[in-house]
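What follows is a set of notes on a single structure, which appears directly below.
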Amino acid sequence: MSRGKYATISNVFHLFQKQLQEALGGFLRRHFQADVAVQVEQPKQASFGELALPVAFQLAKALKKPPKAIAAELSAALPRLDGVKETEVAGNGYLNIRIDRGYYGLLLLESVSRPPEAKPGKIVVEHTNINPNKAAHIGHLRNAVLGDTFVRMLKATGHCVETQNYIDNTGVQVADVVAGFRFLRHMRWPEVYPLTVQPRFDYVCWDLYAQTSQHYKDNPESVAWRQEVLHSIESGEGELARIGHTVADAIVECHLATMRRLGITYDVLPRESEILHLQFWAKAFEQLKERKAIYLEEEGKNKGCWVMPGSAFSGATNAEGEEDNKVIVRSNGTVTYVGKDIAYQMWKFGVLGKDFHYRVLKTYEDGHVIWISTTEPAPNEPAFGHATQVFNVIDSRQSYLQDVVVAGLRQLGYPEQAAQSVHFSYEMVALSPRTCVELGIELSEEDQKRPYVEVSGRKGLGVKADDLIDKLIEAALGEVESRHPGAEANRQVATDIAVGALRYFLLKFTRNTVIAFDFQEALSFQGDTGPYVQYAAVRARKILRNYEERFGALPDFNAVLTHEAFSSCLEEEPLWQMLLACSKAGLAIEAAVASGEPSQVSRFAFNLAQSFSTFYHDYPVVAEENARKRALLVWMTQYFSRQLEHTLSVLGIRVPAYM
RNA sequence: GGGCGCGUAGCUCAGCUGGAUAGAGCAUCUGCCUUCUAAGCAGAGGGUCGCAGGUUCGAGUCCUGCCGCGCCUACCA
């Protein structure tokens with residue numbers, strides 16, 4: 001739980017825009033007695049100026065005048081505003097504003113980068129949440145990368161964030177793998193344990209889980225194994241429970257290692273086993289009954305179950321046109337997953353009236369500590385939870401269940417917590433038919449016609465995360481080797497590129513787009529990709545290095561870059577456009593946080609990189625003969641470098657040492 | 001049946017609270033490596049924004065109805 005380490009970003013454009021809005025708002029009140037919120041847009045075309053005000057359209061109705069006339073009147077009456085060079089009426093009534101480039105350049109030069117203003121409250125983001133019974137696949141990666149990036153975005157904008165990764169170590173999926181070891185492979189704990197300390201134990205379980213699922217399908221009576229394992233795990237006694245814990249703990253380690261490769265980590269891992277043993281559910285059950293959020297069904301198909309009425313969470317009706325109630329406690333007295341999830345969500349907000357204990361699971365070289373829940377108190381335990389807002393990163397297929405959880409909070413009398421519970425949903429990652437063929441997956445005729453095929457852990461159908469990362473590293477290594485044969489850091493560079501490519505690939509789609517995963521696309525390092533953006537960052541650094549080698553040091557920018565210098569140099573449109581784009585980094589990240597859409601950040605990074613690539617091609621910096629212009633170019637390179645690298649750090653993408 | 005989402009260039013996707021001539025990447029074609037690395041740059045072709053109505057100064061964007069596709073709708077998670 002921490003504020004960002006992202007110390008700095010220059011957010012001048014945002015501030016400039018705000019000032020302008022305020023000045024204009026004041027003017028409108030005085031001049032037209034009109035109290036309107038001044039909207040500011042980005043003009044469609046750069047030639048229209050830097051800011052477009054549709055204010056005349058807003059006023060047209062009230063003033064009963066055509067927008068164009070109002071815009072003209074406004075333009076004429078408007079007092080001089082700091083940093084505004086001129087205003088212009090365009091289109092059907094837009095008031096376009098051209099920024100004084102010299103003024104703006106100085107503003108950027110003098111702007112002190114400072115940490116974002118600390119926002120009040122505490123945000124809990126829960127992501128990853130992979131069942132600890134098999135290797136992670138690309139679907140899990142989308143979850144983790146989205147969650148991790150959103151965490152970075154929040155920290156970069158000054159929020160206090162705690163990252164949780166919930167571990168369902170007592171569930172059906174773990175039970176099935178345990179059943180596989182014990183009953184299918186007839187192994188006892190002493191035989192299972194050595195496997196768990198082998199590398200890629202998660203791959204062993206991947207196959208075993210698929211095998212067990214298939215066995216259930218062929219021998220339905222063997223599903224009884226699952227019950228036996230679950231009972232053992234729940235009581236915490238017996239060999240099955242022991243195998244279960246050993247397996248789950250080992251797989252969690254595998255998952256943490258996989259995510260670590262992508263720069264993803266967590267603050268705390270709350271486990272299902274502690275929710276069970278600390279009786280979180282009993283506490284929630286009390287409250288749910290007491291506040292009449294659920295009731296005991298006395299007839300019908302749900303007889304003997306405690307259910308939440310369908311009216312509480314949706315207007316959905318079933319095939320018979322009746323409202324669908326949701327079973328929270330089964331007729332045999334056991335609680336469903338949703339029930340436990342309600343208790344967990346209450347805990348996140350600190351309204352359950354119970355808490356975990358914690359111990360340190362591991363400490364990384366950089367000092368980062370991951371805590372894990374325990375049942376026993378320990379000295380100097382940190383406090384987790386007690387959030388003011390909670391984001392649950394969970395795929396959109398579970399929106400129904402998330403609705404039930406939120407309804408639970410509302411019915412319990414926690415309307416604010418309900419309102420602050422956000423299902424940060426995203427669509428699944430499927431496989432393109434072409435990739436299925438590559439993987440040797442046989443497709444039915446039906447599936448061949450579809451644009452994508454759903455992955456299935458149960459069937460062992462999917463692309464394992466570590467395989468994909470390995471494949472990306474190999475591909476990147478090939479490219480790096482061809483450019484820098486035998487160079488020392490090639491392995492590290494290839495890894496940075498692979499991770500950049502993967503994270504970018506998973507982030508470039510908006511959340512509600514189904515990704516049809518395709519190897520060819522994911523392995524591409526050209527165009528709209530992570531490596532393209534990294535390449536721009538690498539080139540910018542190289543220019544700065546070359547400049548220092550050639551001239552000893554960077555120029556004294558404050559001395560050389562005057563208003564006049566900026567004014568004349570920034571007459572050149574491409575230079576101005578790039579500078580302007582760079583100055584919008586902070587705005588882009590804030591907008592992306594507001595809309596909850598990490599893809600906006602990756603798109604911004606790409607556009608910025610494009611803008612620099614053109615600059616790189618058109619303006620040889622070090623070779624520039626005019627000293628003043630050379631200073632401006634190298635300053636711009638430095639400014640770009642800072643802004644892009646900040647944006648990349650928010651995306652969790654590293655800048656390789658070379659490319 | 002109901003809930004949610006999607007349908008934009010050959011393919012994969014952007015398009016913020018309605019705004020100016022609908023944008024990228026890939027693929028195709030044409031140029032550019034004795035110049036800070038060509039994982040790059042410049043350019044060309046390619047569109048009835050699923051269909052039909054409506055709302056208004058203005059609709060890819062909002063509303064209604066269709067058509068097609070996906071996911072969800074378990075005493076599984």
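This structure is a prediction, so every number in the text was calculated from the model and none was measured. A, B, ... follow the sequence lines: proteins, then strands. Residue 1 opens every chain. Excluded from the calculations below are hydrogen atoms, water molecules and symmetry mates; all remaining heavy atoms, backbone and side chain alike, are included.
Checked against B/C41, B/A20, B/C36, the side chain of A/N546 finds its nearest nucleotide in B/C36. Picking from B/U12, B/G70, B/C36 the nucleotide with the shortest atom distance to the side chain of A/R450 gives B/G70. Looking at the side chain of A/N302, the nearest of the listed nucleotides B/C75, B/C36, B/U37 is B/C75.
Using a 4.0 Å heavy-atom cutoff across all strands shown, A/T334 reaches no nucleic acid atom at all. Looking at heavy-atom distances under 4.0 Å, A/Y619 makes contact with a base. A/N129 comes within 4.0 angstrom of no nucleic acid atom, judged by non-hydrogen atoms across all strands.
Within residues 425-433 of chain A, the residues having any heavy atom closer than 4.0 Å to RNA chain B are, in order of number, A/M428. The stretch residues 596-610 of chain A touches RNA chain B through A/R603, A/F606, A/Q610, each having a heavy atom under 4.0 angstrom from the strand. Within residues 519-530 of chain A, the residues having any heavy atom closer than 4.0 Å to RNA chain B are, in order of number, A/E521, A/F525, A/Q526, A/G527, A/D528.
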Pairs under 3.5 angstrom only: tabulate donor-acceptor contacts from the side chains of residues 422-431 of chain A to other protein residues two or more places apart or in another chain.
from: A/H423; atom 1: NE2; to: A/I394; atom 2: O; distance (Å): 2.8
from: A/Y426; atom 1: OH; to: A/N143; atom 2: ND2; distance (Å): 3.0
from: A/E427; atom 1: OE2; to: A/S396; atom 2: OG; distance (Å): 3.3

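Applying the side-chain contact (heavy atoms from CB on, under 4.5 Å) test to A/Y616 and every residue at least two apart in sequence or in another chain returns A/R539, A/I543, A/F612. In this structure, the ring-ring contact (aromatic ring centres under 6.0 Å, His included) partners of A/H215, at least two apart in sequence or on a different chain, are A/W225. Annotation: side-chain hydrogen bond (donor to acceptor under 3.5 Å, both in side chains) contacts of A/T495 (sequence neighbours excluded): none. Applying the side-chain hydrogen bond (donor to acceptor under 3.5 Å, both in side chains) criterion to A/K508, with sequence neighbours excluded, gives no partner residue. Here A/K340 pairs with A/E272 under the salt bridge (charged side-chain N to carboxylate O under 4.0 Å, His left out) rule; sequence neighbours left out.
Remark: the backbone N or O of A/G486 is paired with a side-chain donor or acceptor of A/E481 at under 3.5 angstrom. Remark: side-chain polar atoms of A/Y658 are paired, donor with acceptor, to backbone N or O of A/A489 under 3.5 angstrom.
The list of salt bridge (Lys or Arg N to Asp or Glu O under 4.0 Å) pairs with a residue in residues 588-604 of chain A, not counting sequence neighbours, is empty.
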Tabulate protein N/O versus nucleotide N/O from nucleotides 42-44 of chain B, keeping only pairs under 3.5 Å, one per line.
from: B/A42; atom 1: OP1; to: A/T614; atom 2: OG1; distance (Å): 3.4

Fill in the blank from the handout: Output field dot_bracket for RNA chain B (Watson-Crick or G-U, both distances under 3.5 Å, | for other-strand pairs) contains (((((((..((((.....[...)))).(((((.......))))).....(((((..]....))))))))))))....

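In the interface, the side chain of A/S613 is not paired with the base of B/C41 through any donor and acceptor atom under 3.5 Å apart.
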